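Since the structure comes first, as structure tokens, the remarks are kept for the end.
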Amino acid sequence: MAADRRLVIENCSIATVDAHDTEYESGHVVVAGNRIEAVGAGRAPEGLANVERRIDADGHLVTPGLVNTHHHYYQWITRGLATDHNLFDWLVALYPTWARIDEQMVRAAAQGSLAMMARGGVTTAMDHHYVFPRGSGDLSGAIIGVAREMGVRFTLARGSMDRSEKDGGLPPDFAVETLDGALAATEETVGQHHDASFDAMTQVAVAPCSPFSVSTELMRQGAELARRLGVRLHTHGSETVEEEQFCKELFGMGPTDYFESTGWLGEDVWMAHCVHMNDSDIDAFARTRTGVAHCPSSNARLAAGIARVPDMLAAGIPVGLGVDGTASNESGELHTELRNALLINRLGAHREAALNARQALRLGTYGGAQVLGRAREIGSLEPGKLADLVLWKLDTLAHASIADPVTALVFGAAAPVTASFVNGRQIVEGNRLLTADEDAIARSTRAEARRLAEIAGS
């Protein structure tokens, strides 16, 4: 939408997720170009010029768009495998298959992953891609291209692995890069694709995979590279008890101390999972403002445990939500993680006081924006911020008898998305993507999954 054109959304409930959790039982949102111009109670002001479209959103809740902070898109074509494994056994079972991916497969998998999230209210997504088989093509470019085509705001966490089985790691020897190759390719990806502007649609982070698939030197030099280039850092951390044992045996310290020794704690860093964190680990993350991507469904699928999210939030740690790879969260949706985060955390030590509906919504919106370093631009509905917002339909059988709309969204069934806007552009209408053919994507992902299975089997 042109900068001088306006979109007016009225007659809806609004959860702004601002610093005061401001909500309106019936209010309006005015969008001008790609920015939010006004949010308030009642109808929009009279006499607004250049109103291109008005939406009567009766029966809807408007929220900021959801922000996904951890994912592995390529796994879309290996869903439903190794369903009764813990993390390390699951990785050993699937790495030989993943090591056969190519650009065509990755493109199809990215389409499937992004389509599923976007039609479910995600407006900002990320992908932690770390498998780069030799001769597989331009995998980073393929993923970024799909996100651009689909109209989703996107961060590519350019991953890497250089610790293979022969070095005591888990990936097969043919599935890893060299130290110098990984660093050079990561720097090239940042140079080609990272946009540091306020309304950037594509950003890149430096993201070695995990302590058990990456050398200490790649961790250390990766952190130095990210800070020299002015981009963020991402990796997996403290996901399982086996990882903690691995770090103590190999490095003589737990994961958090190891990360700190390699320069991997700081306000420009976010870690995925962080399930097994003791009090000193939480203190270190809080002291350094290191962020966390909480992935409740994946943690449950792999029997990793329950992350101490209430304690992290109480300590002031930025926490967002992540789908994680769809080989460990086959639904591939983020809006279901609002509910799962709340329910699973209530199984922990804090029980019914662990999280409430509004805290869960904050994790999926503003918390995710914090974790990705974009809280100035997205994550809440406030004048001046980018126009990334979602209209959730809450007047159907599934939700109509729940009086509080935020409770309906979080505690209830997955709500239909009537409309989703990214940067002021509508990408979903009536729970269907406007920017991609969902049926064609379903066919291509099925075909690529079969092709990969055949290649891996031979």
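Reckoned from all heavy atoms, side chains included, excluding hydrogens, waters and symmetry mates. Remember, it's a predicted structure, so these values are computed and weren't measured experimentally.
Side-chain contact between Val417 and Leu391 is absent, with no heavy-atom pair separated by less than 4.5 Å. In this structure, Asn329 and Ser331 have side chains that are in contact, with non-hydrogen atoms separated by less than 4.5 Å. Thr124 places none of its side-chain heavy atoms less than 4.5 Å from the side chain of Phe154. You'll find the side chain of Tyr258 reaches within 4.5 Å of the side chain of Thr216, heavy atoms only. You'll find the side chain of Leu363 reaches within 4.5 Å of the side chain of Leu313, heavy atoms only. In this structure, Pro211 and Phe251 have side chains that are in contact, with non-hydrogen atoms separated by less than 4.5 Å. For the pair His60/Thr418, a side-chain contact is recorded, criterion being any heavy-atom separation below 4.5 Å from C-beta on. Side-chain contact between Val67 and Arg374: absent, with no pair of heavy atoms (C-beta onward) separated by less than 4.5 Å.
A salt bridge is absent between Glu52 and Arg6: the closest approach of a Lys/Arg side-chain nitrogen to an acidic carboxylate oxygen does not fall below 4.0 angstrom. Taking 4.0 Å as the cut-off between side-chain N and carboxylate O, Glu377 and Lys385 do not count as a salt-bridged pair. A salt bridge does not link Arg35 to Glu382: none of the charged side-chain nitrogens sits closer than 4.0 Å to a carboxylate oxygen. Note on Asp102 versus Arg107: no salt bridge recorded, every NZ/NE/NH1/NH2 to OD/OE distance being 4.0 Å or above.
With hydrogens and angles disregarded, a donor-acceptor distance shorter than 3.5 Å links the side chain of Arg232 to the backbone of Val371. The closest donor-acceptor contact from the side chain of Thr326 to the backbone of Trp76 lies under 3.5 Å. In this structure a side-chain-to-backbone donor-acceptor pair under 3.5 Å is present from Arg289 to Gly316. Thr445 places no side-chain N or O within 3.5 Å of a backbone atom of Ala108 that could act as its donor or acceptor partner. A donor-acceptor pair is defined here as one N or O able to donate and one able to accept, closer than 3.5 Å; no such pair exists between the side chain of Asn86 and the backbone of Ala304. In this structure a side-chain-to-backbone donor-acceptor pair under 3.5 Å is missing from His399 to Leu409. In this structure a side-chain-to-backbone donor-acceptor pair under 3.5 Å is present from Arg100 to Pro96. Remark: side-chain polar atoms of Asp195 are not paired, donor with acceptor, to backbone N or O of Gln203 under 3.5 angstrom. With Asn68 contributing its side chain and Val323 its backbone, the two residues share a donor-acceptor pair below 3.5 Å. The main-chain N or O of Ser215 is found under 3.5 Å from a side-chain atom of Asp162 such that the two form a donor-acceptor pair.
Pairs passing the salt bridge (charged side-chain N to carboxylate O under 4.0 Å, His left out) check and including a residue from residues 210-230, sequence neighbours excluded, read Glu187-Arg228, Glu217-Arg220, Arg227-Asp268. Counting only residues at least two apart or on different chains, the salt bridge (charged side-chain N to carboxylate O under 4.0 Å, His left out) pairs with a member in residues 151-160 are Arg153-Asp388, Arg158-Glu177. For residues 93-124, every residue pair satisfying the ring pair (Phe, Tyr, Trp, His ring centres under 6.0 Å) rule, not counting sequence neighbours, is listed here: Tyr74-Trp98, Trp90-Trp98, Tyr95-Trp98. Sorted by first then second residue, the ring pair (Phe, Tyr, Trp, His ring centres under 6.0 Å) pairs that include residues 177-212, not counting sequence neighbours, are Phe88-Phe212.
Between atom CE of residue Met271 and atom CG of residue Leu265 there is a gap of 5.5 Å, rounded to the nearest 0.5 Å. Within the model, atoms CG of Asp180 and CD of Gln221 stand 7.0 Å from one another, a figure rounded to the nearest 0.5 Å. The line from CG of Leu361 to CG of Leu321 is 9.5 Å long, rounded to the nearest 0.5 Å. Atom-to-atom distance recorded for Leu434:CG and Gln426:CD is 5.5 Å, nearest 0.5 angstrom. A distance of 8.5 Å separates CD in Gln75 from OG in Ser113, rounded to the nearest 0.5 Å. Rounded to the nearest 0.5 Å, atoms CG (Asp138) and CD (Glu103) are 5.5 Å apart.
Within the 6.0 Å centre-distance limit, the rings of His72 and His236 are counted as a close aromatic pair. Ring centroids of His234 and His128 are separated by less than 6.0 Å, placing the two rings close together.
In summary, of the residues considered (Asp199, Thr123, Val152, Ile378), a side chain to side chain contact (heavy atoms under 4.5 Å, CB included) with Asn423 occurs for Asp199 alone. Results of the side chain to side chain contact (heavy atoms under 4.5 Å, CB included) test with Pro208 over Leu183, Leu233, Val214, Thr262 single out Val214 as the only residue that passes.
For Arg446, there are no salt bridge (charged side-chain N to carboxylate O under 4.0 Å, His left out) partners at least two apart in sequence or on another chain. The salt bridge (charged side-chain N to carboxylate O under 4.0 Å, His left out) check on Arg376 picks up nothing, with sequence neighbours excluded. For Arg163, there are no side chain to side chain donor-acceptor pair (under 3.5 Å) partners at least two apart in sequence or on another chain. Partners of Glu188 according to the salt bridge (charged side-chain N to carboxylate O under 4.0 Å, His left out) rule, which considers only residues two or more places apart in sequence or in another chain, do not exist here. Applying the side chain to side chain donor-acceptor pair (under 3.5 Å) test to Ser210 and every residue at least two apart in sequence or in another chain returns Ser213. Partners of Asp18 according to the side chain to side chain donor-acceptor pair (under 3.5 Å) rule, which considers only residues two or more places apart in sequence or in another chain, are Thr16, Thr22. The salt bridge (charged side-chain N to carboxylate O under 4.0 Å, His left out) test applied to Glu429 returns Arg53, not counting sequence neighbours.
Side-chain atoms of Thr69 and Trp270 form no donor-acceptor pair, as typed in the model, at a separation below 3.5 Å.
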Next on the checklist: Evaluate Glu454 against Arg451 for salt bridge (charged side-chain N to carboxylate O under 4.0 Å, His left out), listing each step before the verdict.
Outcome noted: CA-CA 5 Å; Glu454 290 170 1; Arg451 187 166 71 89; over 6 Å; no
Side-chain donor-acceptor pairs under 3.5 Å in residues 291-301, sequence neighbours left out?
| residue | atom | partner | partner atom | Å |
| --- | --- | --- | --- | --- |
| His294 | NE2 | Asn345 | ND2 | 3.2 |
| Ser297 | OG | Glu337 | OE1 | 3.2 |
| Ser297 | OG | Glu337 | OE2 | 2.5 |
| Ser297 | OG | Asn340 | ND2 | 2.7 |
| Ser298 | OG | Asp324 | OD2 | 2.6 |
| Ser298 | OG | Ser328 | OG | 2.8 |
| Asn299 | OD1 | His273 | ND1 | 2.9 |
| Asn299 | ND2 | Cys295 | O | 3.1 |
| Arg301 | NE | Glu330 | OE1 | 3.2 |
| Arg301 | NH1 | Ala82 | O | 3.2 |
| Arg301 | NH2 | Leu81 | O | 3.3 |
| Arg301 | NH2 | Ala327 | O | 2.8 |
| Arg301 | NH2 | Glu330 | OE2 | 2.6 |

